Amino acid sequence: MTDQSCHTDHYAVLGHPIHHSMSPKIHAAFAEQTGQQLSYEAIDVSPESLQTRLTQLPKEGFCGVNITVPHKEVAWQYVKQHGLLSERAALAGAVNTLAWTTEGLLGDNTDGQGLLNDLQQRHGLSLAGKRILLLGAGGASRGVILPLLAAHPAALVIANRTAARAEALAELFAPQRANCVLLGCGLGHLDRLTASAGSFDVVINATSASLGGESITLPTGTLTSDAFAYDMMYGKALTPFLQAQQNAGVRHLADGLGMLVEQAAVAFTLWRGVTPQTQPVYNQLRNDLSNK
Ligand code: ATR
């Protein structure tokens with residue numbers, strides 16, 4: 001719950017660059033919908049000034065901020081030093097939500113819960129007992145592993161261009177895997193792994209390949225015939241990754257716009273104690289994107 005001594009309820013997203021951010025629009029819509037009085041702005045913060053800005057913001061009446069590229073890891077270090085990390089943020093090694101509360105500074109990572117809410121609620125996907133393939137072993141991937149494991153899949157395989165990074169992540173999360181088979185491997189080993197252990201029901205692209213307009217080609221047979229392909233990136237048209245999956249015959253496709261809205265809703269709930277409805281905001285953003 002937010003510190004009641006915050007006179008004006010200011011919130012912001014900090015990034016660099018930040019002009020493209022949809023977060024102010026999302027949070028303004030949540031605030032209007034739930035009748036919450038708050039302001040939310042986008043603040044461009046250079047990497048050199050992040051720590052100073054984080055120290056100033058609560059003194060300026062800010063009750064919380066979202067953190068985006070490229071600050072999530074440095075902000076995590078800041079919270080580790082000056083506040084408290086949630087368990088999911090501690091393991092993610094990155095934060096996307098900070099709150100200055102009566103107990104002090106709290107750092108959370110709502111990306112993974114945002115992904116789960118999007119997959120399970122918006123797209124009606126059940127992950128329990130499924131075989132999930134997670135592509136990428138950077139910050140985006142690391143941030144969603146714990147929530148994915150909490151959904152009780154039968155297997156979670158992290159595949160990355162650089163195999164060692166995927167193997168290291170699988171090792172890091174091994175204590176949290178419960179009954180799930182958790183493996184890390186190189187993208188180049190996927191064909192052998194699929195041949196020996198079976199195809200995947202769900203593939204999630206957490207690489208930044210789509211940013212550079214590149215796709216990732218999965219060996220034939222990697223996915224089941226009824227598989228679901230998800231890209232954390234989003235855009236006006238299908239991302240290169242989703243386009244490649246569609247070309248390969250995958251029928252269930254979704255991009256990361258829903259995750260963006262859902263992670264924001266989890267942050268909003270943390271700050272304000274009320275849960276906004278995400279679907280109207282998602283519809284509005286989808287509409288805005290398609291008219292761009
Ligand atoms: P983020 O915080 O967005 O995850 P990152 O930590 O730089 O960013 O990680 C980017 C991820 O995308 C990595 O897993 C990277 O693979 P490597 O570890 O081998 O570098 C992956 N990636 C980026 N471009 C890619 C491409 N063209 N093909 C496959 N993987 C790619």
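No hydrogens, no waters, no symmetry mates; every other heavy atom, side chains included, goes into these values. The model shown is predicted, which means the values in this text are computed figures rather than measured ones.
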Nearest 0.5 Å, please: how far is OH in Tyr230 from OG1 in Thr239? 11.0 Å
Matching residue for Phe200 among Leu218, Leu156, Leu223 - test: side-chain contact (heavy atoms from CB on, under 4.5 Å): Leu223
d(Asn96 CG, Asn109 CG) to nearest 0.5 Å is 4.5 Å
Mind listing the closest non-hydrogen atom pair of Arg88 and Gln113 along with its distance? NH1-CB, 3.9 Å
State whether a side-chain donor-acceptor pair under 3.5 Å links Asp108 with Ser86. yes
Before you tell me yes or no, could you show the steps for Leu116 and Gln121 under side chain to side chain contact (heavy atoms under 4.5 Å, CB included), namely the whole-Å CA-CA distance, both residues' side-chain angles and the distance that decides it to 0.1 Å? CA-CA 8 Å; Leu116 276 198; Gln121 292 164 20; over 6 Å; no
Classify the ring geometry of His252 against Phe228: parallel below 30°, tilted from 30° to 60°, perpendicular beyond 60°. parallel
Tell me if the CG atom of Asp226 is crowded by more than 12 foreign heavy atoms within 6.0 Å. yes
Check Leu135, Leu148, Ile158 against Ser141 for a side-chain contact (heavy atoms from CB on, under 4.5 Å) and give me the one that passes. Ile158
Establish whether Phe173 and Val157 are linked, either directly or via other cluster members, by ILVMFWY side-chain heavy-atom contacts under 4.5 Å. no
More than 12 heavy atoms of other residues, nucleotides or ligands under 6.0 Å from CD of Gln56: yes or no? yes
For the residue pair Thr207 and Asn205, confirm or rule out a side-chain donor-acceptor distance under 3.5 Å. yes
So do Asp231 and Gln245 actually touch side chain to side chain, heavy atoms under 4.5 Å? no
Using the side chain to side chain contact (heavy atoms under 4.5 Å, CB included) rule, take Leu54 and His82 through it: C-alpha gap first, then chi angles, then the decisive distance, then the call. CA-CA 10 Å; Leu54 286 176; His82 302 283; over 6 Å; no
Measure the spacing between CG of Leu98 and OH of Tyr78 and express it to the nearest 0.5 Å. 9.0 Å
Can you establish whether the number of heavy atoms outside Gln277 located under 6.0 Å from its atom CD is more than 12? no
Are the side chains of Leu119 and Leu127 in contact, using a 4.5 Å heavy-atom criterion? yes
If you draw a 6.0 Å radius around NZ in Lys236, do more than 12 non-hydrogen atoms from other residues or ligands fall strictly inside? yes
Closest approach of Trp76 and Ala90, non-hydrogen atoms and distance? CZ2-O, 3.5 Å
Are the side chains of Leu115 and Gln263 in contact, using a 4.5 Å heavy-atom criterion? no
Which label fits Tyr40 and His27: parallel for a plane angle under 30°, tilted from 30 to 60°, or perpendicular past 60°? parallel
For the residue pair Gly129 and Ala154, what are the closest heavy atoms and their distance? O-CB, 3.4 Å
Mark yes or no for whether Arg131, through its side chain, and Asp201, through its backbone, hold a donor-acceptor pair below 3.5 Å. no
Ser46 and Glu48: side chain donor to acceptor below 3.5 Å: yes
Quick one: are Glu262 and Tyr282 in side-chain contact, heavy atoms under 4.5 Å? no
Rounded to the nearest 0.5 Å, what separation is found between the CG atom of Leu253 and the NE2 atom of His123? 10.5 Å
Answer with yes or no whether the side chains of Thr278 and Arg122 bring together a donor and an acceptor at under 3.5 Å. yes
If you group Ile, Leu, Val, Met, Phe, Trp and Tyr by side-chain heavy-atom gaps below 4.5 Å, do Leu193 and Val202 land in one group? no
Counting N and O atoms only, with roles assigned by atom type, does the side chain of Ser210 sit under 3.5 Å from a partner on the main chain of Gly213, one being a donor and the other an acceptor? no
Heavy-atom neighbours of Gln176 CD exceed 12 at 6.0 Å: yes
4.5 Å side-chain heavy-atom contact, Leu134 and Leu169: no
Mind checking the CE-CG spacing from Met22 to Leu289? Nearest 0.5 Å is all I need. 4.5 Å
Transitive ILVMFWY side-chain link Ile216 to Leu183, under 4.5 Å: yes
Nearest non-hydrogen partners of Leu133 and Ala159, listed with the distance: CD1-CB, 3.9 Å
Is there a path of hydrophobic side-chain contacts, each under 4.5 Å between heavy atoms of I, L, V, M, F, W or Y residues, that connects Ile18 with Val261? yes
Worked check of side chain to side chain contact (heavy atoms under 4.5 Å, CB included) between Phe62 and Arg53: CA-CA 11 Å; Phe62 282 80; Arg53 251 355 231 122; 5.7 Å; no
For Leu38 and Trp271, run side chain to side chain contact (heavy atoms under 4.5 Å, CB included): C-alpha distance rounded to whole Å, both residues' side-chain angles, the deciding distance at 0.1 Å, then the answer. CA-CA 11 Å; Leu38 58 89; Trp271 290 330; over 6 Å; no
Measuring from atom CE of Met233 to atom CG of Leu242, what distance do you get when rounded to the nearest 0.5 angstrom? 11.5 Å
Do the side-chain N and O atoms of Ser23 and Asn66 include a donor-acceptor pair separated by under 3.5 angstrom? no
All heavy atoms of Cys63 vs all of Asp9, minimum pair found to be SG-OD1, 3.7 Å
Quick check against the 3.5 Å criterion: does Ser199 have a side-chain atom that pairs as donor or acceptor with the backbone of Gly221? yes
Where Ala137 and Asn160 come nearest, the two heavy atoms and their spacing: N-OD1, 3.3 Å
Please say yes or no: joined through hydrophobic side-chain contacts below 4.5 Å, possibly via intermediate residues, are Ile204 and Phe241 part of one cluster? no
Within-4.5 Å side-chain heavy-atom neighbours: His16 and Val45: no
Heavy-atom side-chain proximity of Met232 to Val144 below 4.5 angstrom: yes
Asp255 side chain reached by Arg286 side chain, heavy atoms, under 4.5 Å: yes
